[in-house]
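Below is one structure, written out as structure tokens; comments come after it.
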Amino acid sequence: MKYSAPKGFQDILPPEISVWQRIEAAARSVFVKYGFHEIRLPIIEATDIFVRSIGEITDIVEKEMYTFRDKGDRSVTLRPEGTAGAVRCFVEHGLHNLPSPQKFYYAGPMFRYERPQKGRFRQFYQIGVEAFGAAQPALDAEIIAMLNDFLKSIGLLNLNFELNSIGCDVCRPVYKEALQLFFRDKISGFCPDCNRRYNTNILRILDCKVERCVELRGGAPAVSGHLCEHCRIHFDELTGLLETLDVPFSLNANLVRGLDYYTKTTFEVTSEHLGAQKAVAAGGRYDKLVKEFGGPDTPAIGFAIGMERLATLLQTVVPPEKAAPKVFVATLGKQADTEGLRITKSLRNNGLWVEPSYGGASLKSQLRKADRIGAEYAVILGENELSSGKAQWKNLKEGTQGEVALTELQAFFAKA
RNA sequence: GUGGGCGUAGCUCAAUGGCAGAGCACUGGACUGUGGCUCCAGUGGUUGCGGGUUCAAUCCCCGUCGCCCACCCCA
């Protein structure tokens, strides 16, 4: 093999594409009912946009970004996620001047230089959703309900919907201090990763999977007990609204998002039928990010859906569609080859999927091909048919055959 | 970045320190112009790449690249 796609990059071929198209169509039809509009964003942004929003000490920024200098010596980065670019877009175009909230979605590839594994690629596709300009828990509830609607509409059940609040810039620092106090004396007993987390992102100790760490962190202060009144009310109202809207969820006090910009509500949808990378969608509030980007103080919330992971799940539920032509036109002889092309075109003009023979093969091999590509009908056109002005039609599913005048072919297949 | 497993035909996989194979798929034939079933034949390989050991390496050793899985982290 001389060439292969770069590590962590993959081709998506026709049998799989039908699942992707189904996902995209379902997303559009659900999102439009919630008033979300599609936007198309650049795949490259100024590097600083991601550093400022995602956070300097996150893995994404520290080691996973495809960053390079363009010919104008600007540092640019292939987007590792969509929210930063969406916020940049919102601020750049002054979209806060439009009635609030403004609601958007987008779909496309993201890039992270990571070691590939099941459900993880260096180029991966996300459908992203962002809503700007409403601080009320009603918006959180709606956006989560919309995600739930979407997942139901493509036929996915048995997903885990987890919810948490990580507080705001008032209560989170207090909570972090409480965690530092709790772990200070016992951190040396934790795994090396947790010792690193103690300094970089202490919240992450709460979802370490190492058995010893799970035991040792028993009794650690829960975020729910440290939310300020404002955040606690927001969260309580949200859970109440989700119950009203019949959105099932479970609380997970250890649900921590890795990106710095999240505030208050965080949520994640996972499946047990994926590998270790089991999150199919995740998101949360980011009330400070628009201001951070130079816009007015504008609360916002969003989520992202992992397309590959969703497609993997959907393929186990719904088999990929096998699309097949209505008619295969088999021809024998130069003159019939030409006439066959003309017939093919006229049937296509009637809206049918028609495949011509490209000439030169035996009738036997042409019919074999017609069968293998799953055509419903074959039209047979040779010297006899040309001279009589009548083609043979054959129903390949039922094995029936008959004659039809060349001038009647369109009418024949319009009814067939 | 770390750890483990695996690289042989388009796909799924055999094989052995001594001529590189099967099934499926593809093309054709048996059946001068009638598919599916059957039978026959054909196309297709620098055994991922590079080096080493050896009379001889697909096999053993080293390196490298790729794939898979897990950690970290994340959609």
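Lettering follows sequence order; numbering is per chain, from 1. This one's a predicted model, so the numbers in the text were calculated from it and none came from an experiment.
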Next on the checklist: How many whole angstroms separate atom CD of A/Glu130 from atom P of B/A75?
Outcome noted: 12 Å
Checklist entry - What's the NZ-P distance between A/Lys278 and B/C69, to the nearest Å? => result 17 Å
Next on the checklist: Looking at A/Glu215 and A/Arg212, is any side-chain nitrogen of the basic one under 4.0 Å from a carboxylate oxygen of the acidic one?
Outcome noted: no
Item to check | For atom CD of A/Glu81 and atom C1' of B/A75, their distance in whole Å | outcome: 11 Å
Checklist entry - Tell me: CD of A/Gln10 to C1' of B/C68, nearest whole Å? => result 13 Å
Item to check | P atoms of B/G48 and B/A41, separation to the nearest Å | outcome: 29 Å
Checklist outcome for this item: With the side chain defined as heavy atoms from C-beta on, A/Ala276 is closest, among B/C73, B/C71, B/G28, to B/C71
Item to check | Rounded distance in Å between the C1' positions of B/A57 and B/U8 | outcome: 14 Å
Checklist entry - Does A/Phe183 have its ring centroid less than 6.0 Å away from the ring centroid of A/Tyr198? => result no
Checklist outcome for this item: Contacts of A/Thr270 meeting side-chain hydrogen bond (donor to acceptor under 3.5 Å, both in side chains) (sequence neighbours excluded), chain-then-number -> A/Asn160
Checklist entry - Between A/Phe9 and A/Met307, who's closer to the 5' end of RNA chain B by nearest nucleotide? => result A/Phe9
Checklist entry - Does the A/Asp246 side chain pair with the main chain of A/Leu242, one donor and one acceptor, at a distance under 3.5 Å? => result no
Item to check | Pairing partner (Watson-Crick or G-U wobble, both distances under 3.5 angstrom) of B/C39 | outcome: B/G29
Checklist entry - Is A/Arg122 positioned over the aromatic face of A/Tyr113, cation under 6.0 angstrom from the ring centre and no more than 45 degrees off axis? => result yes
Item to check | Ring centers of A/Phe90, A/Phe293 separated by less than 6.0 Å | outcome: no
Next on the checklist: For the aromatic rings, using the six-membered ring if either is Trp, is the centroid distance between A/Tyr286 and A/Tyr261 under 6.0 Å?
Outcome noted: yes
Next on the checklist: Could you tell me how far B/C49 sits from B/A25 if I compare only their C1' atoms? Round to whole Å.
Outcome noted: 28 Å
Next on the checklist: Can you check the distance between B/G23 and B/G18, where both ends of the measurement are the P atom (answer in whole Å)?
Outcome noted: 23 Å
Item to check | A/Phe31/A/Tyr105 aromatic ring centres below 6.0 Å | outcome: yes
Item to check | Nearest-angstrom distance, P atom, B/G21 to B/G42 | outcome: 13 Å
Item to check | P spacing across the pair B/G4 / B/G63, given as an integer number of angstrom | outcome: 12 Å
Next on the checklist: A/Asp337 vs A/Tyr358, test: side chain to side chain donor-acceptor pair (under 3.5 Å). Steps then yes/no.
Outcome noted: CA-CA 7 Å; A/Asp337 291 346; A/Tyr358 291 104; over 6 Å; no
Next on the checklist: Do A/Lys186 and A/Phe182 form a cation-pi contact, if we require the NZ or CZ to be under 6.0 Å from the six-membered ring centre and within 45 degrees of the ring's axis?
Outcome noted: yes
Checklist entry - Should A/Asp193 and A/Arg196 count as an ion pair when the cut-off is N to O under 4.0 Å? => result yes
Checklist entry - So, are A/Arg88 and A/Glu92 salt-bridged, with charged N and O less than 4.0 Å apart? => result yes
Checklist entry - Base, sugar-phosphate, or nothing for A/Glu114, non-hydrogen atoms under 4.0 angstrom? => result base
Checklist entry - So what's B/C59 paired with, Watson-Crick or G-U wobble, going by both distances under 3.5 Å? => result none
Checklist entry - For A/Gly82, which contact category applies under a 4.0 Å heavy-atom criterion: base, sugar-phosphate, or nothing? => result nothing
Next on the checklist: Using a 4.0 Å cut-off on heavy atoms, which residues in residues 206-218 of chain A reach RNA chain B? List them by number, or say none.
Outcome noted: A/Lys209
Checklist outcome for this item: Expected list for residues 336-345 of chain A near RNA chain B, using heavy atoms below 4.0 Å, is none
Checklist entry - Using purine N1 to pyrimidine N3 plus N6-O4 or O6-N4 for Watson-Crick, or N1-O2 and O6-N3 for G-U wobble, both under 3.5 Å, which nucleotide pairs with B/U8? => result none
Item to check | Complementary nucleotide of B/G21, counting Watson-Crick and G-U pairs under 3.5 Å | outcome: B/C13
Checklist entry - Checking all strands, does A/Phe121 fall into the base, sugar-phosphate, or nothing category for heavy-atom contacts under 4.0 angstrom? => result base
Item to check | Base-pairing mate for B/U64 - Watson-Crick or G-U, with both contacts under 3.5 Å | outcome: B/G48
Between protein and nucleic acid, restricted to nucleotides 3-7 of chain B and to nitrogen or oxygen atoms under 3.5 Å apart, what atom pairs and distances do you find?
from: B/G3; atom 1: O6; to: A/Arg115; atom 2: NH2; distance (Å): 3.4

Checklist entry - Hey, are the side chains of A/Phe50 and A/Met65 touching, using non-hydrogen atoms and a 4.5 Å cut-off? => result yes
Next on the checklist: At 4.0 Å (heavy atoms only), tell me whether A/Gly283 reaches a base, stays on the sugar-phosphate, or touches nothing.
Outcome noted: nothing
Checklist entry - Rounded to the nearest Å, what distance is computed from the CD atom of residue A/Gln117 to the P atom of nucleotide B/C69? => result 7 Å
Next on the checklist: Applying side-chain hydrogen bond (donor to acceptor under 3.5 Å, both in side chains), can you list everything that pairs with A/Thr263, at least two apart in sequence or on another chain?
Outcome noted: none
Next on the checklist: Tell me the interatomic distance from A/Leu274, atom CG, to B/A70, atom P, rounded to whole angstroms.
Outcome noted: 10 Å
Next on the checklist: Within the 4.0 Å limit for protein heavy atoms, which parts of nucleotides 32-39 of chain B are touched? Write it as a string from 5' to 3', B for base, S for sugar-phosphate only, - for none.
Outcome noted: -BBBB---
Checklist entry - Whole Å only: how far is the CG atom of A/Asp193 from the P atom of B/G1? => result 17 Å
Checklist entry - Between B/A70 and A/Lys118, is there an OP1 or OP2 to side-chain N/O distance shorter than 4.0 Å? => result no
Item to check | Integer-rounded Å distance: B/G1 C1' and A/Arg196 CZ | outcome: 11 Å
Checklist entry - Between A/Trp20 and A/Tyr125, is the ring centre distance below 6.0 Å? => result yes
Item to check | For B/U2, the Watson-Crick or wobble partner whose two distances fall under 3.5 Å | outcome: B/A70
Next on the checklist: Roughly how many Å apart are B/A70 and B/A15, using the P atom of each and rounding to a whole number?
Outcome noted: 28 Å
Checklist entry - Would you call A/Glu81 and A/Arg79 a salt bridge, using N to O less than 4.0 angstrom? => result no
Checklist entry - Do the side chains of A/Leu255 and A/Leu163 get nearer than 4.5 Å, heavy atoms only? => result no
Item to check | Distance between C1' atoms of B/C65 and B/A22 (Å, rounded) | outcome: 29 Å
